[in-house]
Amino acid sequence: MLQQTPVVRVLPVWHEWLKRWPTPAGLAGEPAGEAVRSWGRLGYPRRALRLHAAATAIVQDHGGRVPDTHAELLALPGVGSYTAAAVAAFAYGRRETVVDTNIRRVHARLVSGVALPAPALTAAEMRLAAALLPDDDETSVRWNAAVMELGALVCTARAPKCAACPVKDSCAWLAAGEPPPSYVPKGQAWHGTDRQVRGAVLAVLRLADSPVPPDMFEREPADLGFAPEGIGVPLAALHRLNSAPEQLERALAGLLADGLAEMHDGGYRLPA
DNA sequence: GACGCGTGGGG
DNA sequence: TCCCCAAGCGT
């Protein structure tokens with residue numbers, strides 16, 4: 001849930017999930033579509049699909065207990081090098097090289113003296129983080145948490161609070177006079193993209209309690225002649241996008257291909 | 001290595 | 001209002 005998503009937005013959903021599914025077996029026992037629906041508006045809904053798949057793998061291959069080694073965690077769906085390291089470190093107290101966006105930024109400034117880390121994680125960054133990591137398990141866990149928090153609360157991406165920084169005196173970036181970034185991060189396009197249409201379609205499917213016929217997506221709301229139970233609002237939002245027919249086609253096909261939707265009785269629904 | 005993938009709070 | 005960007009991953 002925390003992958004690319006702020007903690008404050010995750011917390012309420014996370015509480016809800018743990019109440020409903022306290023164990024991997026609980027989640028694995030439900031249809032994948034329930035995970036997607038309960039994901040709500042956290043974003044990147046395929047994470048929900050992968051979390052469900054991970055729960056299934058944990059039940060099948062690990063006796064229902066979340067594995068505690070980086071290699072085993074890495075083999076789970078949706079778990080990459082960061083998540084594997086974070087779980088092994090913070091849940092199991094292991095010494096792991098945790099490198100998230102916060103740690104990358106802190107290292108970039110404090111050690112490398114540049115405003116921003118490289119666009120993508122590099123081998124050099126991993127080596128640096130590994131070299132800085134304290135030797136014993138307990139201290140390394142505290143180190144990882146501390147550097148992450150420093151990046152999240154003080155050494156922020158925009159308007160870093162350098163005056164309040166506990167290590168400002170040893171910051172290479174400050175010492176260099178706060179040089180600007182050497183490149184301009186390109187933002188993700190949103191308006192008019194397939195992605196936006198996908199999101200709007202999925203918002204409809206999350207609220208639908210029966211398969212949604214293709215007509216519902218393709219036609220103007222006024223032409224439908226009736227308001228489908230519960231999905232009127234997201235359906236109106238989808239039509240307001242005024243997307244090209246082929247764009248809607250791609251969105252629907254993409255959702256099917258990704259397993260986020262399936263056909264049933266001639267309509268689209270979340271996977272059962 | 002580059003790209004596609006959601007959403008919403010804050011500057 | 002617009003834009004940035006947030007505990008990344010898989011292809």
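Chain A is the first sequence line, chain B the second, and so forth, proteins listed ahead of strands; every chain is numbered from 1. Only a predicted model underlies this, so the values are computations on that prediction, with no experimental measurement involved.
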For a quick check of understanding: with a heavy-atom distance under 4.0 Å over all strands, which category does A:Pro77 fall into, base, sugar-phosphate or nothing?
sugar-phosphate

Contact class for A:Ala86 vs. all strands (heavy atom < 4.0 Å): base, sugar-phosphate, or nothing?
nothing

Supply the atom-to-atom distance A:Tyr44 OH to A:Gln4 CD, rounded to the nearest 0.5 angstrom.
5.5 Å

If I take atom CG in residue A:Leu74 and atom P in nucleotide C:dG8, what distance separates them, rounded to the nearest angstrom?
16 Å

Base, sugar-phosphate or nothing for A:Val79? Non-hydrogen atoms, less than 4.0 Å.
sugar-phosphate

No-hydrogen, no-angle side-chain donor-acceptor test under 3.5 Å, A:Glu178 and A:Trp173:
no

Going by atom types only, do A:Ser140 and A:Asp137 share a side-chain donor-acceptor pair under 3.5 Å?
no

Do the non-hydrogen side-chain atoms of A:Leu202 and A:Pro234 ever get within less than 4.5 Å of each other?
no

Between A:Ser210 and A:Arg269: side-chain donor-acceptor atoms closer than 3.5 Å
no

Name the residue closer to the 5' end of DNA chain C, choosing between A:Asp100 and A:Gly78 according to the nucleotide with the nearest heavy atom.
A:Asp100

Within this structure, what is the NZ-to-P distance between A:Lys186 and C:dC4, rounded to whole angstrom?
13 Å

Once base and sugar-phosphate atoms are separated, protein heavy atoms under 4.0 Å mark nucleotides 5-11 of chain B, 5' to 3', with B, S and - as BBBBBB-

Between C:dT11 and B:dG6, how far apart are the two P atoms, rounded to whole Å?
15 Å

If you compare every side-chain N and O of A:Thr101 against the phosphate oxygens of C:dC5 (OP1, OP2), does one of them come in below 4.0 Å?
no

Rounded distance in Å - CG (A:Leu121) to P (C:dG8):
11 Å

A:Arg105 near the nucleic acid: base, sugar-phosphate alone, or nothing, with a heavy-atom cut-off under 4.0 Å?
sugar-phosphate

Taking atom CZ as the centre, does A:Arg142 end up with more than 12 heavy-atom neighbours from other residues, nucleotides or ligands that are less than 6.0 angstrom away?
no

